[in-house]
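We number each residue from 1, following the sequence as shown. Each ligand, and each atom within it, is numbered from 1 in the order the structure gives. Keep in mind that what you see is a predicted model, and the values were worked out from it rather than measured.
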Amino acid sequence: MQRQHNRDLDDVRHIAETERRSLVRDHTEKLEDVRRTLENALVEEKINHQREMQALSFEGASTQRDKDKELENQRSAFTALEKELDVLKTDVAHEREVNEQLRAKLAEAATKETDLETSVRRLEGHIHFLESDNKSQSQAFADLEMRMQNAIQNAAEAMDKLRTEETLRRKLHNQVQELKGNIRVFCRVRPSLESDPVDSSARIAYPDDETDSKEVEVMGAEEKSSLGTITTKKHPFAFDRVFGPKSRNQDVFGEISQLVQSALDGYNVCIFCYGQTGSGKTYTMSAGDGMIPLAVSQIYETAQSLEEKGWQYKMQGSFIEVYNEELNDLLGKANDMDKKKHEIKHDMAKGKTTITNITTVELDAPSKVDDILQRASNNRSVASTKANERSSRSHSVFILKLIGENSITGEKSEGTLNLVDLAGSERLNHSGAVGERLKETQNINKSLSCLGDVISALGQGKEGGHVPYRNSKVRD
Ligand SMILES: Nc1ncnc2c1ncn2[C@@H]1O[C@H](COP(=O)(O)OP(=O)(O)OP(=O)(O)O)[C@@H](O)[C@H]1O
């Protein structure tokens, strides 16, 4: 039994073992299945997780890119906004400026408007006056008309008075000139020049230099008396006026300007320059500020101021030369010098003296006198190798004819101003001249002596007395 029981037990053990083994196998298989299933699930899970991770990282990168891009866009937008802001700032500044200009214009317009309003009010006042009070308006017009007529009459009376006074002034002026003397003699002493020989200057005193300036004293050579005393003889001379070495051409003109005025008033005036060669005659007459240019500009200015008193003047200038007792036209052709003949004609009835075939220039502007002086000087240069020499050996006469007419009073005047630059007055025995020079000197001396006779006869002023006009060309 025990055995049986052991057998049974073994059998049970065996069955149990088989069953355990089968169970273990089943269990192991199941476990293997589960493990495989879990492993598969894990692998799948891993793959999924990786996928998810990949997806997530891809998504993250894209988001970063998007963010960067967005940031970049925002930066660009910011820069654009900054630029826009700058433009806006400039615009605002410009607008402010325009605004200020507009304000200024507005203020100006406001002022103008006020002015306009004032004008409008004034005009309204006028219109009101014109429309409302016909009677007082007519009265005001009548008053105005009367005042205007009075003013016109006063002006006409003043003009008349002025004209009468101008005529009176002419008469009185010329009476004064006659009282001063129809012949006046002035003395001018030129200053010593560097070119003058040493110790050649004469000793001259001007005793009344500070007062009348009419006297001059030339000191003679020193003389020794038998007692041994040395004396210097004084040679006094009296003139209408003495001009010392410091005097200017304007000072000399101051004395003769009244005579120039007389020529404008219809008188014949002659101004001579007489003296040794080199004593300053041409300088006084024809320098830029000499008597000829100053006389022409005074005449021109006076003629212009007389226009308002009705006077119209014509000025005609001629320039002649007397050389060896023959006449030359200094304004003519240079080639005609010493060839073309000219004659002096006297019209006794009209009291007029004319020269045939000479050039006359209308002096309608003072500047024309410069052309005349230049032309005369050129002609003299052509006629002589040295113009200076020619001017020393001949007389020249600048003739200015002044023809005036007053369109209001009907008065007429015709005066002549002769400005004469005489040839140098050398003494024949001092000059030592021979041949052609001797002839020139004789002619000069003859004409100067004739002129002296004429002036002396005129100076004696005897009514109906003989005046030896015809003895030389220059005294004509
Ligand atoms: N007042 C003055 N002041 C300065 N220089 C003068 C004056 N007068 C004359 N002169 C000079 O003296 C020189 C001689 O003068 P100018 O030629 O006028 O003499 P003139 O008497 O006309 O001689 P001529 O008889 O030879 O024509 C010139 O050089 C001139 O410039």
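Between Thr284 and ligand 1, not a single N/O pair is under 3.5 Å apart. At a 3.5 angstrom cut-off on N or O pairs, Ser279 counts as close to ligand 1. For the pair Leu422 and ligand 1, the shortest N or O to N or O distance does not fall below 3.5 Å. Note: no N/O pair closer than 3.5 Å links Asp421 and ligand 1 by distance alone. An N or O contact shorter than 3.5 Å is missing between Leu193 and ligand 1 by distance.
Within the 4.0 Å heavy-atom shell around ligand 1 one does not find Gly275. Using a non-hydrogen distance threshold of 4.0 Å, Met285 does not register as a contact of ligand 1.
Checking Gln149 against Gln153 by side-chain atom types alone, no donor-acceptor pair falls below 3.5 Å. In the model, Arg375 has no side-chain atom that pairs as donor or acceptor with a side-chain atom of Thr359 under 3.5 Å.
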Handout entry: Pair Asp209-Lys246, salt bridge (Lys or Arg N to Asp or Glu O under 4.0 Å): steps then yes or no
Key = CA-CA 11 Å; Asp209 191 23; Lys246 285 191 189 139; over 6 Å; no

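Nearest heavy-atom pair across His235 and Met219 is CD2-C, 4.5 Å.
The Arg188 neighbourhood of ligand 1 comprises atoms 1 (N), with distances under 4.0 Å to a heavy atom of that residue. Residue-ligand proximity, Arg190 to ligand 1, at heavy-atom distances under 4.0 Å covers atoms 7 (C), 8 (N), 9 (C), 10 (N), 12 (O). Per-residue contacts place Thr282 under 4.0 angstrom from the following atoms of ligand 1 (heavy atoms of the residue considered): 18 (O), 20 (P), 22 (O), 27 (O).
Contacts between Gln276 and ligand 1 below 4.0 angstrom, taking non-hydrogen atoms only, involve the backbone exclusively. Here Pro191 has side-chain heavy atoms under 4.0 Å from ligand 1, and that is the only part of it that gets that close.
The ring of Phe239 has its center no closer than 6.0 angstrom to the ring center of Phe186.
Here the side chain of Arg190 pairs no donor or acceptor atom with the backbone of Thr284 at under 3.5 angstrom. Judged by distance alone, with hydrogens and angles left aside, the side-chain atoms of Asn406 form a donor-acceptor pair with the main-chain N or O of Lys309 at under 3.5 Å. Not one N or O on the side chain of Ser377 forms a donor-acceptor pair closer than 3.5 Å with the backbone of Leu373.
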